[in-house]
Amino acid sequence: MNFDEWLTRRLDETKSAGLYRTLRPESCGGKNWASNDYLGLANDSRLMSAAKTALHQGTGSGGSRLTAGNTSWHEKLERKIAGFKQTEAALLFSSGYLANIGVLSSLPEKGDVILSDRHNHASIIDGCRLSKAETVVYQHIDMSDLEQKLAAAQRYNRRFIVTDGVFSMDGTIAPLDRIIPLAKRYQAFVIVDDAHATGVLGENGRGTCEYFGASPDVVIGTLSKAAGSEGGFVAGSSVLIDFLLNHARTFIFQTAVPPASCAAAHAALELIEDSREKRRMLRSSAKTIRTGLENMGFTVKGMDTPIIPVIIGDAQKAVLFAKLLEEKGIFAPAIRPPTVPEGESRIRLTVTANRSQSEIADLLKWFYFIGKGMNIVK
Ligand SMILES: *Cc1c(COP(=O)(O)O)cnc(C)c1O
């Protein structure tokens, strides 16, 4: 069997499992109910003009931060992130994915253990795989399971708890108000990935820490979601940032993000703090959709977040549901294994602050129509 035949056969297996993925052309149109651009900042003119100003420094940064790629835009943004997250310091990475990998592969050592929520993002899972520490997975936001596993982990040198702040595929919120006291009791450090909470949760949009009034040891985030730009970051103590700058390989060996992206993100963080009204609308729209779907008989996961997962179950059925939605001008993707557990394929809706009441009514109408046609609701 030659190279392409071998790959074709492997892809055939993916297809027969209902797990084949393709890119959706930009020209498809329809209302986008999948965007993580929660506050609509990705095409805000203020971000674009900030990016344009920084573009005069060039389109690419030309090197890693430690060699030729460092500019005042990077440092200005890091100070802004630290102020926004109310920590001593912050460090920029090229993406949230690489921030997670950099932290988890450098911080916990051999002889340590990482306790990881079962539904953590793929970038956390990959970071754990690269770490020399052992990984123990606890049930999703299950505090008694976490406590049991912490108690059983006292023989390790150090314990790290790592969790999404808002879970990207479940729309649930990690209970930091319970995780942090548990960490204190069992002498563990806490790492929170606030990719979906930044800009969304808390009075000023600072994320799950503000929402709970909690201070974990390490906060990770992305500038690619509510901040409408690109890049990842870590926020924490000055010594943590100094350590990562010296040890996180995804920081050391990666070309710095372009200055224009830094400038856009900087402008976004200023706007986020003043977006209270948008966050209020986001919350109320999400609630309308969540309760609307529940009242129709759909199984809806998650909590008080703009991520609304509607459980369909079977992967092929979820793909069909998404296709029928698309025919009605609604784009919301089917999420299948391995992104979610087997049998829990779902349509993942996200709400953004600029959705009108009539768009929401339309969405609910078509969900009911398709759900009834497919015998998912009565
Ligand atoms: C999106 C996401 C990431 C990755 O962030 P990027 O900047 O897109 O690489 C990491 N963690 C979580 C929880 C995410 O949802």
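Start at 1 and go down the list; that is how both ligands and their atoms are numbered. The residues of the chain are indexed from 1 along the displayed sequence. Worth saying up front: this structure is predicted, and the values here are computed from it rather than measured. FYI, side chains are in, hydrogens and waters are out, and symmetry mates aren't considered; it's all heavy atoms of this structure.
- The side chain of His196, and not its backbone, has at least one atom closer than 4.0 Å to an atom of ligand 1 (non-hydrogen atoms only; side chain from C-beta on).
- The contact set between ligand 1 and Ser123, taken as ligand atoms under 4.0 Å from a residue heavy atom, comprises 10 (C), 11 (N).
- Scanning the protein for heavy atoms near atom 2 (C) of ligand 1, the closest one is Lys225 NZ, 2.4 Å.
- Summarising the geometry, atom CD belonging to Glu134 is positioned 10.0 Å from atom CG belonging to Asp112; distances are rounded to the nearest 0.5 Å.
- For atom 4 (C) of ligand 1, the closest non-hydrogen atom of the protein is Tyr97 N, 3.6 Å.
- Of all protein heavy atoms, the one lying nearest to atom 13 (C) of ligand 1 is Asp193 OD2, 3.1 Å.
- Under the 3.5 Å distance criterion, the side-chain polar atoms of Asp37 are matched with a main-chain donor or acceptor of Leu41.
- Using a 4.0 Å cut-off to heavy atoms of Asn100, the atoms of ligand 1 that qualify are 10 (C), 11 (N).
- In the vicinity of Ser168, heavy-atom distances shorter than 4.0 Å reach the ligand 1 atoms 15 (O).
- Set against the non-hydrogen atoms of Asp164, the atoms of ligand 1 under 4.0 Å away are 13 (C).
- Nearest heavy atoms, Val351 versus Ser285: CG1-CB, 3.7 Å.
- A donor atom on one side chain and an acceptor atom on the other are not found under 3.5 Å apart for His196 and Thr305.
- A donor-acceptor pair shorter than 3.5 Å cannot be found between the side chains of Tyr138 and Gln148.
- Ligand 1 has no nitrogen or oxygen under 3.5 angstrom from a nitrogen or oxygen of Ala195.
- Residues Tyr97 and His121 bring no donor and acceptor atom of their side chains to less than 3.5 Å of each other.
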Item to complete: Kindly determine whether Asn120 and Phe167 satisfy side chain to side chain contact (heavy atoms under 4.5 Å, CB included), including the steps that lead there.
Response: CA-CA 7 Å; Asn120 273 343; Phe167 286 83; 3.4 Å; yes
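- Side-chain N/O atoms of Asn157 and Glu109 include no donor and acceptor closer than 3.5 Å.
- For the pair Asp170 and Arg346, the salt-bridge criterion is met [side-chain N within less than 4.0 Å of a carboxylate O].
- The part of Ser224 lying near ligand 1 is the side chain, judged by heavy-atom distances below 4.0 Å.
- Closest to atom 5 (O) of ligand 1 among all protein heavy atoms lies Gly96 CA, 3.5 Å.
- Contacts of Asn120 with ligand 1, taken as heavy-atom pairs under 4.0 Å, are absent altogether.
- Applying the 4.0 Å criterion to heavy atoms of Ser95 picks out, from ligand 1, the atoms 7 (O), 9 (O).
- From the protein, the heavy atom lying nearest to atom 7 (O) of ligand 1 is Thr222 OG1, 2.6 Å.
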